[in-house]
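Below is one structure, written out as structure tokens, with a few remarks after it.
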Amino acid sequence: MPGFHDRVDLSYELTHGGPAQALFTARVVDRGLPYVSAASWPTSSRSLDAIGETLHRSTGEGAEHVLAERDGTLVQVDLFSGWVHARVAGDDSESVAATLAEVKELLPAPDPNSTHRVGVQFWTYGQHGPIPSYREISVPEWVDLAANYTAPVRASLERLMHGFQPAHGGQLILWHGEAGTGKTFALRALAWEWRDWCEFHYIVDPDSFFGEHADYLMSVLTQPGYAEMPDPRFMRYTAMPGGFMPVGESEDGEGSKAWRLLVLEDTGELLTPDAKAVIGQGLSRFLNVVDGLIGQGLRVLVLVTTNEPIKTLHPAVARPGRCAANIEFDPLTAEEAGAWLRQHGSEESADGPLPLAELYARLEGRDVDALPPAGFAG
């Protein structure tokens, strides 16, 4: 770009990427590199050593940043909290795409099938806005948990675990029932059964998500997915004359995990008739996500678990057509509970319906009230 510096003065604020990101930007401008592509994905790698020889490397506070040259392209890679953020610049789109694909091979995404773990994006709202944190969690298969549920609940969950088709009904999945009936266990199994087509996003602070911070909700809803795609154009932008041209996932979602599930555990207070008075516009925003303009065109499902009885929830939440699944988690019957105990090697009997938490407490010889509360994030 002849004469570029004669016409424009650039300044760059050193933030998350630090010097590596600043040097990348400066060299792209100095060399007039016309193509820049970017991608982000979770990784099983714990360092950037695989990148090889670097022009610059910086580390600190659990993060690593490098700048390197590879096959005539300029590469800048950040590693933080199990995530890779990579940018590649070059003279032609083919070499840029090839280098980005190579970086993905050097820093591969975790393989859930080999570890029985799935990646979950945990969201909180901090001092400077929404903060994502990627973690892998251990999850069971549904077949290993099916006997933990009374027959009607098991049948409803089976339909959800296997053969569920999103976009053929509402976008809300509502799980309700007394504490200790196995909602969190089922949630972990769902993460495994849906791992091939759905990303899980766990909202740690749902009151803030649907409350006073509108930017929180919109950031999570509109951010690109983190699933690795075979096409390196995923999450890519290309520098073209006159600006940057974004290239996103295809309209039909092929080649990626096309859907996202927002998980909100123990969120009954959000869905009560007086929710507006408690957290402002939380209820109306919630309904707009699952059945309004905000959610239109987004491949987003929302799963809410609550210990509140269904009769205490706002009638608009569970109305027909809004819920893709509305499952009430009941304790096992006395007969089912007795069979469960015998199956697990206990000679105890059950003289009435028992929730799953009490069955495990009896099996381990502990008081059910002394058991720590179970959570998906734990």
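Note that the numbering runs from 1 along the sequence shown for the chain.
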Determine, stepwise, if the pair I327 / R159 fulfils side chain to side chain contact (heavy atoms under 4.5 Å, CB included). CA-CA 11 Å; I327 302 176; R159 290 191 293 270; over 6 Å; no
Nearest heavy-atom contact between L107 and S47 is CD2-O, 3.8 Å
Check the hydrophobic clustering (I, L, V, M, F, W, Y; side-chain heavy atoms under 4.5 Å; chains of links allowed) and say if I131 and L262 are grouped together. no
So does G52 get a backbone contact from the side chain of R70, meaning a donor-acceptor N/O pair under 3.5 Å? no
Would the distance check show the side chain of Q76 and the main-chain N or O of F24 forming a donor-acceptor pair, the cut-off being under 3.5 Å? no
Give the cluster check for L363 versus L359: same hydrophobic cluster or not, with ILVMFWY residues linked at side-chain heavy-atom distances below 4.5 Å. yes
May I ask you to check whether over 12 heavy atoms, not counting those of E141, lie within 6.0 Å of atom CD? yes
For the side chain to side chain donor-acceptor pair (under 3.5 Å) test, which of T305, N307, T306, N326 pairs with H176? N326
Tell me whether the rings of W83 and H85 are parallel (<30°), tilted (30 to 60°) or perpendicular (>60°). parallel
Ignoring hydrogens and geometry, is there a side-chain-to-backbone donor-acceptor pair from R31 to D91 under 3.5 Å? no
Judged by atom type as modelled, is there a donor-acceptor pair below 3.5 Å linking the side chain of R188 to the main-chain atoms of P140? no
P166 to W197 - nearest heavy-atom pair and separation: CG-CZ3, 3.6 Å
Closer than 4.0 angstrom, basic N to acidic O: yes or no for E158 and R154? no
R195 vs V139, test: side chain to side chain contact (heavy atoms under 4.5 Å, CB included). Steps then yes/no. CA-CA 11 Å; R195 67 192 183 281; V139 291; over 6 Å; no
Is there a side chain to side chain contact (heavy atoms under 4.5 Å, CB included) between F200 and L303? Walk through the geometry before answering. CA-CA 10 Å; F200 274 56; L303 190 152; over 6 Å; no
Hey, does the side chain of D205 reach the backbone of Y125 with a donor-acceptor pair shorter than 3.5 angstrom? yes
W41-Y134 aromatic ring centre distance below 6.0 Å: no
My understanding is that only one of T54, D78, T59 makes a side chain to side chain donor-acceptor pair (under 3.5 Å) with H65; could you say which? D78
Can you check side chain to side chain contact (heavy atoms under 4.5 Å, CB included) on W340 and L332, steps first, answer last? CA-CA 9 Å; W340 189 96; L332 275 71; 4.2 Å; yes
Please verify the inter-ring angle class for F185 with Y360; under 30° counts as parallel, over 60° as perpendicular, anything in between as tilted. tilted
If you measure only the distance, is there a donor-acceptor pair under 3.5 Å linking the side chains of E265 and T184? yes
If we ignore angles and hydrogens, is there a donor and acceptor under 3.5 Å between the side chains of T333 and E336? yes
Same apolar cluster: V66 and F80, side chain cutoff 4.5 Å: no
Heavy-atom check, side chain of H56 versus side chain of P19, under 4.5 Å: yes
Can you see which heavy atom on L74 is nearest to which on L67, and at what distance? CD1-CD1, 3.9 Å
Considering all heavy atoms, the nearest E178-P331 contact: OE1-CG, 3.7 Å
All heavy atoms of Y149 vs all of T181, minimum pair found to be CE2-O, 3.5 Å
In terms of the angle between their ring planes, are F164 and W194 parallel, tilted or perpendicular, with boundaries placed at 30° and 60°? parallel
Minimal non-hydrogen separation, G182 against F329, with atom names: O-CE2, 4.0 Å
